[in-house]
Amino acid sequence: MNKKLKDLFLNSENFSFKWEKYFDVYEEYFTKFRDKNITFVEIGIYNGGSLKVWRDFFGPKSRIIGIDINPDCKKFEEDGIEIYIGNQSDPIFWKNFFNKVGNVDVILDDGGHTNLDQITTTVQCVDKINDGGILMVEDTLTSYINEYNSKKSFSFINFAKKIIDDVNYTAGIPEFQNKNNNFFFKFSLNKYIYSTHFYESIVVFNIDRKKTYINKIIKNNGVDHGIKDLTWSGNELNIKKFKKFVNYIKFLSLRKITKIIKKTKNTKILKEFFS
């Protein structure tokens, strides 16, 4: 019977430490890879306490790779565990790494935890992860700690929030694209990242190129009963003060002005939830 990951960790022969809530997230995302021919990469070896845990958890078919900037960590290399020494914030390291290793299935970033480390790793790795694979970045609480940070607005968490917008721009809506039919962001990862999930101090990116196509509406062959779409109804409650004024406006921009007024009033109401 497969042992729980937390039990394997607690009985590891080498020292390590993890936040307790991480183990449920690990189980949720990593269990499907057990007993499979996968390549698993953990960034951040420290005292080597988790490398054998991953080997025992994923099984003998797995390829386990550890990465650390400290050359002393090379001592943890053994049968079934490969060690690479390098700087995760250096794009050249990643280029050389993937040239040797090839594509991988799972990357767990438990490395330096700075914005530069986490963002560089995400940028350099997502296109080297196989479809159905995962990039999991942990200890993202460092986005809120000064000594780990660049400018706060460029924290890893803010970068991950931007990816939420980036993924949503695959919707097939003209407003989401510029005149060259490119997506809104100059830098985009939405060709690789299918979904993003946030947990306490963990961000998970699911990689699947087959699911990142431009979305489109499909219709069935059912009966159309001609029911009126009232999407924009109901918001009039927020513009009562302007209703009398709007009724007297008799030119072509009536609808545009009404939308502006609604938007202004609704924004005022919603602003509270974004403070």
Side-chain angles (χ1 to χ4, degrees), residues 5 18-19 21-34 36 38-44 50 54 58 62-67 88-89 91 93-95 97-98 101-144 148 150 154-171 176 183-215:
L5 183 55
K18 295 279 189 183
W19 293 98
K21 291 183 181 179
Y22 286 6
F23 289 96
D24 285 340
V25 181
Y26 293 155
E27 292 277 359
E28 179 179 351
Y29 286 93
F30 294 162
T31 297
K32 69 177 184 178
F33 296 103
R34 298 188 87 166
K36 302 285 179 62
I38 61 136
T39 299
F40 174 89
V41 179
E42 182 175 34
I43 305 162
S50 58
W54 297 123
F58 288 112
S62 63
R63 181 185 185 186
I64 305 299
I65 298 174
I67 295 174
Q88 72 176 113
S89 66
F93 163 74
W94 286 115
K95 180 179 179 180
F97 174 79
F98 287 114
V101 172
N103 280 19
V104 302
D105 298 285
V106 180
I107 296 179
L108 175 62
D109 183 358
D110 185 20
H113 306 321
T114 67
N115 293 326
L116 185 63
D117 286 333
Q118 293 175 338
I119 294 174
T120 300
T121 297
T122 302
V123 169
Q124 297 298 323
C125 292
V126 290
D127 67 331
K128 299 298 189 295
I129 298 175
N130 293 322
D131 285 344
I134 289 170
L135 169 60
M136 183 180 292
V137 183
E138 63 181 52
D139 292 349
T140 58
L141 78 167
T142 58
S143 284
Y144 308 97
Y148 286 94
S150 55
F154 298 133
S155 71
F156 173 78
I157 285 293
N158 279 334
F159 174 79
K161 290 176 182 177
K162 180 219 170 188
I163 290 178
I164 296 174
D165 295 328
D166 195 14
V167 168
N168 276 284
Y169 281 119
T170 57
F176 284 179
F183 294 121
F184 180 80
F185 295 110
K186 291 182 179 179
F187 178 82
S188 174
L189 296 175
N190 62 23
K191 291 182 180 178
Y192 311 101
I193 296 175
Y194 170 62
S195 65
T196 306
H197 301 260
F198 290 81
Y199 300 83
E200 182 183 321
S201 205
I202 286 180
V203 176
V204 180
F205 299 113
N206 285 311
I207 311 301
D208 199 329
R209 296 158 186 80
K210 298 189 298 296
K211 296 180 179 180
T212 60
Y213 55 85
I214 295 177
N215 210 354

Where do His113 and Asp139 come nearest, in terms of heavy atoms and distance?
-> NE2-OD2, 3.0 Å
Non-hydrogen atoms of Arg63 and Val101 that approach each other most closely = NH1-O, 3.4 Å
Return yes when atom OH of Tyr194 has more than 12 non-hydrogen atoms of other residues, nucleotides or ligands closer than 6.0 Å, and no otherwise.
-> no
Does the side chain of Ser188 pick up a donor-acceptor pair with the side chain of Asp166 at under 3.5 Å?
-> yes
What class does the angle between the rings of Trp54 and Phe40 fall in, given that below 30° is parallel, 30 to 60° is tilted and above 60° is perpendicular?
-> tilted
Taking all non-hydrogen atoms of both residues into account, name the closest pair between Phe198 and Lys161 and its distance.
-> CZ-N, 4.2 Å
Within a strict 4.5 Å, meaning less than it, do heavy atoms of the Tyr144 and Ser155 side chains meet?
-> no
Between the side chain of Lys36 and the main-chain N/O of Lys32, is any donor-acceptor distance below 3.5 Å?
-> yes
Can you label the angle between the Phe30 ring and the Phe58 ring as parallel, tilted or perpendicular, going by 30° and 60°?
-> tilted
Please check if the side chain of Thr39 supplies one atom and the backbone of Val104 the other of a donor-acceptor pair under 3.5 Å.
-> no
Point-to-point distance, once rounded to the nearest 0.5 Å, from CZ of Phe154 to CG of Leu116 | 13.0 Å
Tell me, yes or no, whether the heavy-atom count around Lys21 atom NZ, taken from other residues, nucleotides or ligands under 6.0 Å, exceeds 12.
-> no
Compare all side-chain heavy atoms of Phe205 with those of Ile129 and state whether any distance is below 4.5 angstrom.
-> no
Output yes when a side-chain donor or acceptor of Glu42 lies under 3.5 Å from a complementary backbone atom of Asp110, and no otherwise.
-> no
Measure the CD-NZ distance between Gln124 and Lys95 for me, rounded to the nearest 0.5 Å.
-> 10.5 Å
Check the pair Phe23 / Tyr26 against ring-ring contact (aromatic ring centres under 6.0 Å, His included), numbers first and verdict last.
-> CA-CA 5 Å; Phe23 289 96; Tyr26 293 155; 5.8 Å; yes
Look at the aromatic rings of Trp94 and Phe98 and report parallel, tilted or perpendicular, splitting at 30° and 60°.
-> parallel
Given side chains that start at C-beta, do those of Tyr29 and His197 come closer than 4.5 Å, heavy atoms only?
-> yes
Least distance between heavy atoms, Ser143 atom then Asn115 atom = OG-OD1, 3.9 Å
Are side-chain heavy atoms of Thr122 and Val137 found at a separation under 4.5 Å?
-> yes
Supply the atom-to-atom distance Ile164 CD1 to Asn190 CG, rounded to the nearest 0.5 angstrom.
-> 13.5 Å
Checking Leu141, Thr140, Thr142 against Ile157 for side-chain contact (heavy atoms from CB on, under 4.5 Å), the one that qualifies is Thr140
Look up atom CD1 in Ile67 and atom OG1 in Thr121, then write down how far apart they are to the nearest 0.5 Å.
-> 8.0 Å
Lys162 side, atom NZ; Leu189 side, atom CG - distance, nearest 0.5 Å = 7.0 Å
Passing candidate, side-chain contact (heavy atoms from CB on, under 4.5 Å) with Asp109, options Met136, Glu138, Gln118 | Gln118
Tell me, do Val203 and Phe156 make a side-chain contact under 4.5 Å, heavy atoms counted?
-> yes
Nearest heavy-atom approach of Gly112 to Asp117 is CA-OD2, 3.1 Å
Separation of Asp208 CG from Ile193 CD1 (nearest 0.5 Å) | 12.0 Å
What pair of heavy atoms forms the shortest contact from Asn130 to Arg209, and how long is it?
-> C-NH1, 4.0 Å
